[in-house]
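To start, the structure under review is shown below, and the notes come after it.
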Protein chains: 2
Amino acid sequence: MINYQLLNECPVFKGVAENETRKLLQQVHYQVKKFSKGDIVAIAGEQISNLFIILSGSVRGEMIDYSGKTIKIEDIEAPRPLATAFLFGSENRFPVTVTTNNSVEIFSISISELLRLMQLNSVVLKNYLDSISSRTQFISQKLHFLSFKTIKEKIAHYLLQKAGDRLHSFQLNSTQQQLAELFGVTRPSLARVISEMQREKLIIIDKKTVTLLNKQKLNELLRNG
Amino acid sequence: MINYQLLNECPVFKGVAENETRKLLQQVHYQVKKFSKGDIVAIAGEQISNLFIILSGSVRGEMIDYSGKTIKIEDIEAPRPLATAFLFGSENRFPVTVTTNNSVEIFSISISELLRLMQLNSVVLKNYLDSISSRTQFISQKLHFLSFKTIKEKIAHYLLQKAGDRLHSFQLNSTQQQLAELFGVTRPSLARVISEMQREKLIIIDKKTVTLLNKQKLNELLRNG
DNA sequence: TTGAATTTGTAACAATTGATACAGTTTACC
DNA sequence: GGTAAACTGTATCAATTGTTACAAATTCAA
């Protein structure tokens, strides 16, 4: 028996009334598969033909490298769907091998039935589109951020974005350590560059209060990067 | 009058019979807007409420920086759609300001009507999902690649991927210059690291023939990065 | 084959960042 | 208020990459 309440917490069915979900699922084919701890749900590179939603338990995504060792990538817990961005598109294969961490129930629906489901219910359709799109937006923002090479550029971009329209000062809510991690650099390197930028009278950072002294030059840093 | 043939070349309507497209469009609301050269189609940050498909002419996407200057990002020509990954999701705003390069005709359909369209025709639905997904997959591959910090790691990853299952040698079809651009590094730096890796007996590159001497160690490079 | 254009290998030096260490400051909690 | 923990500023040295320059090797077309 499916736990409809749980299914409705999943991004795909969110906002659909519980009895509506029940009615929808009567009109399409789907399966609920049970796995034991340690079972392999999918192998990296395998064609994806079904949407999987974890109903209970958790799974992990692992990559297998060229020499055969496995590296854990991420954990996925109920009630999240698997690989929504890889169901469609030109390269619809599992990017990772998926293994169960414990007893797991998985809701499984084929692509064609999922398409039917989306055509039957516009909320499900919109949910799915929102889900893929949000992920794309998140990744492309991250990519944009990575495109700045030097630490100075990263700081300039981060602060200009944080500042927005504010003319003068604003508060930071992260520590240098956290920023360093966000930027993917070491903490002393970040501190050093911040010092430089203060000496160059580009910014002032006093505790957590940031003041941008020269937005013009901060922008030029991004242009010439 | 709409050029249905052109519309059918667009990723959204691809694979739909021309008369089927005609029939579909009779069932939904849409507009064809005409713009003159230099007109602004959309402003960065503006909410996206319509899918735009360029029917004729071309537009450019520009970002306006914090000081007011504009930087061109890309050109989009007929019959491509605009910002398909930004129509949905949490941040459904134009990432760029869109300006026409010449006389332009744009097919415009609201989100709600687009949803209806996708529910009426499963090919359109699948096309749209494929389109967003492919983009996500492309970007996330790029992101993965950028996650390797040193040039050595990038080379190792690139060559291992190119090699695939082949045990010994294979041919490269790019020049060092092209690889350097792909990696986002300078050509002499790339050449230097390749020399080092040959001295360390990890690889041999003779003209365009690559031989991986120690896949094991190449993999370890990626792990400890 | 020859000659020009492209590609490659390499060197010397500058710039940037990482690694490590340590002392001074701030914050949080008792 | 006091103490421990976390955070910050800074210094030194090593590693990596960028910049610039030049010569050798290769490719391609005439």
Side-chain angles (χ1 to χ4, degrees), chain A residues 142 145-159 162 169-213 217-218 220-225, chain B residues 142 145-159 162 169-213 217-218 220-225:
Chain A
K142 206 155 189 173
F145 194 71
L146 273 176
S147 73
F148 298 114
K149 287 191 184 167
T150 67
I151 298 182
K152 214 174 208 170
E153 284 166 17
K154 288 177 185 179
I155 295 173
H157 176 252
Y158 181 82
L159 293 182
K162 276 275 172 187
S169 309
F170 61 96
Q171 297 292 314
L172 273 185
N173 41 15
S174 346
T175 67
Q176 271 194 15
Q177 179 59 54
Q178 290 170 322
L179 281 187
E181 275 166 26
L182 177 65
F183 294 174
V185 301
T186 60
R187 206 262 318 154
S189 293
L190 179 63
R192 171 172 41 202
V193 178
I194 288 178
S195 290
E196 278 174 30
M197 292 175 82
Q198 297 198 85
R199 268 199 299 279
E200 294 170 9
K201 307 222 184 299
L202 290 174
I203 60 177
I204 296 176
I205 298 188
D206 181 47
K207 295 179 192 157
K208 295 215 182 306
T209 304
V210 180
T211 308
L212 305 186
L213 296 177
K217 282 205 176 172
L218 288 173
E220 284 166 14
L221 283 178
L222 305 187
R223 195 77 22 73
N224 311 326
Chain B
K142 207 154 188 175
F145 195 72
L146 273 176
S147 74
F148 298 114
K149 288 191 184 167
T150 67
I151 298 181
K152 214 174 209 171
E153 284 166 18
K154 289 177 184 181
I155 296 173
H157 176 252
Y158 181 82
L159 293 183
K162 277 274 173 189
S169 309
F170 61 96
Q171 296 294 312
L172 272 185
N173 41 15
S174 343
T175 66
Q176 271 193 15
Q177 180 59 53
Q178 291 171 320
L179 281 187
E181 276 164 25
L182 177 65
F183 293 175
V185 301
T186 60
R187 204 266 316 157
S189 294
L190 179 64
R192 171 173 40 201
V193 177
I194 288 179
S195 290
E196 278 174 31
M197 291 176 80
Q198 297 199 85
R199 268 198 300 277
E200 294 169 11
K201 307 220 183 301
L202 290 174
I203 60 177
I204 296 175
I205 298 188
D206 182 47
K207 293 176 195 161
K208 295 220 183 300
T209 304
V210 180
T211 308
L212 305 186
L213 296 179
K217 282 205 176 173
L218 288 173
E220 285 166 14
L221 283 178
L222 305 187
R223 195 78 23 72
N224 311 325

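Sequence lines set the chain letters: A, B, ... in the order given, protein chains first and strands last, and positions in each chain run from 1.
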Would A/Tyr158 and A/Phe183 count as a close aromatic pair, with their ring centres under 6.0 Å? yes

Considering all heavy atoms of both residues, which atom of B/Asn173 and which atom of B/Gln178 are nearest to each other, and what is their separation? O-OE1, 4.3 Å

Angle between ring planes, A/His157 versus A/Phe145, binned at 30° and 60°: parallel, tilted or perpendicular? tilted

NZ of A/Lys149: more than 12 outside heavy atoms within 6.0 angstrom? no

Heavy atoms of B/Ser169 and B/Thr211 approach each other most closely as OG-OG1, 2.9 Å

Between C/dT6 (C1') and B/Glu181 (CD): distance, integer Å: 14 Å

Nearest-Å distance, CD (A/Glu153) to C1' (C/dT16)? 12 Å

What string of B, S and - do you get for nucleotides 7-20 of chain D, 5' to 3', when a contact is any protein heavy atom under 4.0 Å? SBBBBB----BBBB

